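It should be emphasised that the depicted structure is a prediction, and the values quoted were computed from it without experimental measurement. The sequence lines fix the lettering, A, B, ..., with proteins before strands; numbering per chain opens at 1.
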Amino acid sequence: MARIVPPVGNHKANIALVGEAPGKEEELRLKPFVGPAGNILDRALRAAGISRDACYITNVVKVRPPNNDFKSFNMQDLEYWKNALRDELNRIQPNVIVALGERALNALTGMSGVLKYRGSILYSTLCEGLKVVCAEHPAFLLPNRNPSDFHLLVFDLQRAKEESLSKDFPTLPREMLTNPSYEEVLHHLDLALERPDCILDVETDRKQKALLCIGLSYKDGHAICIPLGPSCKVWTEQEELEIWRRLQKVLTCERIGKIGQNIGFDMTILYRYVGEIYPVSFDTMLAHSLLHIEDPHSLAHLTSIYTKYPYYKSDKENLWEYNCIDCIVTRAVYKEMSKEIDEHDMGRVFYGYTMPLFKILWRMERFGCRIDTNKKELSAVEVKKEIEELKKAINKEVGFELNVNSPKQMQHFLYEYLMLPVKRNRKTRRVTADENAINELAVSHPNPVFDKVLELRGKIKDLSTYIDAKVDKDGRMRTAYSMTGADKEDNRLPVTGRLASRKGIYGSGMDLQNIPTRHRSMFLPDDGMILVEADLSQAENRVVAYLAGDEKQIDIFERGGDFHSIMATWLGKDRKVAKSIVHGTNYGMKKRLLSQITGLSQGEAEDVRLKYFKTCPKIAHWQLGIQSKLKADRTLVTPLGRRRVFFGMLGDEMFRRAYAYIPQSTVADWLNINLVALYYRLKGKCDVLLQVHDSVLLQCNPDVLDDVINAICELMQRPFKIHGRMCSIPVEVKIGKNWCDMETFNETTVERDLVR
DNA sequence: TGCAACGGCGCC
DNA sequence: AAAGGGCGCCGTTGCA
């Protein structure tokens, strides 16, 4: 028998909280929000400075749904409860209603998509004249769901508190010029020329990235959308030419800071029309990734946090209007964010490092690297042939067509056809036929086909990923760097401070941070130039030694000894094993995997691991310190000031991520800081081609090689502080005629090279 | 045909 | 009981 859970709270409340339906605990105690979700709500209310007694708390449906499944209510039931809710809220007349979760949002406003609308201030369609603030349902924030969104609930409740002062809606200026005449365009571009900054946002089609229109906002609450691009029929040829000319004047005017959300995209689109846009003073996405690295950096999210404009990204049917709103909102976001940067004293980092690095990376993306296209085509032919032969051999050996790239077919082949013992992925615990599994099977159940399978997979990877990568028409390979992960893949956000490298928006180019050495011979310097690679040597190990404050390790590094050889003698193993043990153990690896990567037995591996901790006890201390820091506030800060909050379950998995985080991001930041410094020091003397996490690839004229290498050594090896102690990371400089055959620099190699 | 999820694998 | 982390791209598969 369904029991009705009545609302609770103050009938004169200015804030009404509306959930979906009672749960088990609520039904038992006949009160809304008293179970686990209720606890979360209470915590969030406290954090937002709202007293529960000052709220009226209710649910859309007052009875617990069978199996807690809201969908089991039919339309009639829902209508009944919605009517009851309308009467209820109209009696209370709160200044603001908080819709907690999808069902409440839907009942109160008719909208759907709570993750999009959270933070938005909306008109209630259920109770006319009343104002709704949308928030995620507390049950959605339980530890096993999405605990990292808790702060968003707090934020939305704070917003509700502000809005509870009156029934009025916030005023949101939106002066939009969506279909301007030619004269209006010129007039507004003239006005823009008088202003110190200008928001820029272009719209393109999704596939070709063909330009559709350009939006500008040179003052608050105002925007103009100028239709332009290959399919634009608005202007005469002459008008269009003049608009581009005036536009270029604004976009390249020294006095006008250009501002945008992920403005690198707009710069890339407009490059063919106006060249490089300059100066770019502020990117809201980059600023946000600096201030709140663990949050999403989409404009939709920024809008919900920094402005009171409601979510608008779902209606794109009027593109010009949409373009204008984007600009107006970006300006509002920009103003708030620039204040936040000043308040947090991040100006030096943001304007002096983040934005310059962004500019340099954008130029590197344009510049690209010359490719030996001949060689590339030849090896394509060769590898294709090898693939065909391997395929034939494998099919002949197994007696049927086997696609080694199909996990499904491979699992069937190994575990059903050959009836071998099933191997699982250690992390996911799922059945796998990956390289590791096959290698293990090859030991227990030798079969000549295994080697061929792995070889074939390798060749297919070589061909598809590296050899077939699309070179631009000018024979150059390009990449797009991401400092934030705005175009995130699989919903993962990069959080390390490392750059990501990927294909460009037009589909050419590739990730240039994972090229196997043997494929690097395709990468050439331009005519008359020489490649210079500067590598931070053993950077992560070094940083770990300083972070842990391990005197023994620091001593080896500072004396310039061969770290791994010395560790090898201490641990009583050969150099290679010692290297793996140290590296793996530093990052939380345990005996099983250590034994796998070293070839030792698990018992031996464990012995060496413990011996390493005994030899360098500070390493274990360091790890324990990280653990307690995470337990205390889930936050780690690197020596270079990068901060990261860790969400999710406290445990070894998080600890391992945390061990890796600080050295990884410290090295990345240190390299990038030096990339900026090098760029300005060597301006005109060299071209920066690539950044690969702990190394940079440059090209320069051989006559300035000395200058270049001196600058590299001077800048990159300068000491910086880790835990109050100065640490210097040596640089290994290599030079070469292609990126594969690089020789460590010393005087004789230069001379030999110059003679050639 | 396009898309998302997944398995697999390249480098630092 | 056992467990490095961080990225992006390709091919397959299943679904719309």
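Thr432(A) comes within contact range of the sugar-phosphate backbone alone, with a heavy-atom separation under 4.0 Å but no base atom that close. When heavy atoms are screened at a 4.0 angstrom cut-off, Asn586(A) is found touching no nucleic acid atom at all. Among the protein residues, Arg424(A) comes within range of no part of the nucleic acid, since none of its heavy atoms lies under 4.0 Å from any strand. Looking at heavy-atom distances under 4.0 Å, Lys461(A) makes contact with a base. Looking at heavy-atom distances under 4.0 Å, Arg518(A) makes no contact with the nucleic acid at all. Base engagement by Asp652(A) is indicated by at least one non-hydrogen atom pair under 4.0 Å involving a base atom. Nucleic acid contact for Lys503(A): sugar-phosphate only, since backbone atoms but no base atoms lie under 4.0 Å from a heavy atom of the residue. Across all strands, Leu499(A) comes closer than 4.0 Å to no nucleic acid atom at all (heavy-atom distances). Looking at heavy-atom distances under 4.0 Å, Ala539(A) makes no contact with the nucleic acid at all. Glu435(A) comes within contact range of the sugar-phosphate backbone alone, with a heavy-atom separation under 4.0 Å but no base atom that close. Counting non-hydrogen atoms under 4.0 angstrom, Ser501(A) reaches the backbone sugars and phosphates but no base. Using a 4.0 Å heavy-atom cutoff across all strands shown, Arg656(A) reaches at least one base atom of the nucleic acid. Residue contacts for Lys590(A): at a heavy-atom cut-off of 4.0 Å it reaches a base atom on one of the strands shown.
One finds no side-chain N or O of Arg502(A) lying less than 4.0 angstrom from the OP1 or OP2 phosphate oxygen of dC7(C). Taking side-chain N and O atoms only, Thr517(A) has no distance below 4.0 Å to OP1 or OP2 of dC11(B). Between Arg206(A) and dC3(B) there is a side-chain N or O to OP1 or OP2 distance below 4.0 Å. Listed pair Arg592(A) / dA1(C) fails the phosphate criterion, with no side-chain N or O lying under 4.0 Å from OP1 or OP2. For dC10(C), the OP1/OP2 oxygens have no side-chain nitrogen or oxygen of Asn405(A) closer than 4.0 Å.
The aromatic rings of Phe563(A) and Phe557(A) sit parallel to each other, their planes meeting at less than 30°, with 60° as the upper class boundary.
Following rounding to the nearest Å, Arg457(A) (CZ) and dT12(C) (P) show an atom-to-atom distance of 12 Å. dA2(C) atom P lies 16 Å from atom CG of Asn436(A), rounded to whole Å. Taking atom CD of residue Gln623(A) and atom P of nucleotide dG5(C), one finds them 13 Å apart after rounding to whole Å. Note: CH2 (Trp670(A)) to C1' (dC12(B)) measures 19 Å, nearest angstrom. The CD atom of Glu653(A) sits 7 Å away from the P atom of dG5(C) (whole-angstrom rounding). Atoms NE2 (His412(A)) and P (dT13(C)) sit 13 Å apart, rounded to a whole Å. One can place CD1 of Ile662(A) at 14 Å from P of dG6(C), the figure rounded to the nearest angstrom. For the pair Tyr587(A) OH and dA2(C) P, the computed distance is 25 Å after rounding to whole Å.
Picking from dG8(B), dG5(C), dC6(B) the nucleotide with the shortest atom distance to the side chain of Lys427(A) gives dG5(C). Residue Lys408(A) places its side chain closer to dT13(C) than to any other of dT13(C), dG7(B), dC12(B). Looking at the side chain of Gln411(A), the nearest of the listed nucleotides dG7(B), dG8(C), dT13(C) is dG7(B). Nearest nucleotide to the side chain of Arg644(A), out of dG6(C), dT12(C), dC10(C): dG6(C). Proximity note for Gln664(A) (side chain, C-beta onward) versus dG7(B), dG6(C), dC12(B): the nearest is dG6(C). Distance from the side chain of Arg520(A) is smallest for dC11(B) among the nucleotides dG5(C), dG2(B), dC11(B). Of the candidates dG8(C), dG6(C), dG8(B), dG8(C) carries the atom nearest the Ala500(A) side chain, counting heavy atoms from C-beta on. Considering only the side chain of Pro516(A), dC11(B) comes nearest among dC11(B), dT12(C), dG8(B).
Taking the side chain to side chain donor-acceptor pair (under 3.5 Å) definition, one finds that Asn425(A) meets it with Thr428(A), sequence neighbours left out.
In this model, no donor atom of one side chain and acceptor atom of the other lie less than 3.5 Å apart for Glu416(A) and Gln411(A).
With Phe646(A) as the aromatic partner, Arg657(A) does not meet the cation-pi criteria of under 6.0 angstrom to the ring centre and within 45 degrees of the ring axis. Relative to the six-membered ring of Tyr546(A), Arg542(A) misses at least one condition, a distance below 6.0 Å or an angle of at most 45° to the axis.
Remark: the Asp434(A) side chain and the dG8(B) base include no donor-acceptor N/O pair separated by less than 3.5 Å. No N or O donor and acceptor, one from the side chain of Arg430(A) and one from the base of dC6(B), sit under 3.5 Å apart.
Comparing Gly504(A) and Ala660(A), the nucleotide of DNA chain C nearest to each residue sits closer to the 5' end for Ala660(A).
No more than 12 heavy atoms of other residues, nucleotides or ligands lie within 6.0 Å of CD in Gln208(A), so this atom counts as exposed by the packing criterion. Within a 6.0 Å radius of NZ in Lys573(A), more than 12 heavy atoms belonging to other residues, nucleotides or ligands are found.
The ring pair (Phe, Tyr, Trp, His ring centres under 6.0 Å) pairs that include a residue from residues 585-635 of chain A are His583(A)-Tyr587(A), where partners are two or more places apart or lie in different chains.
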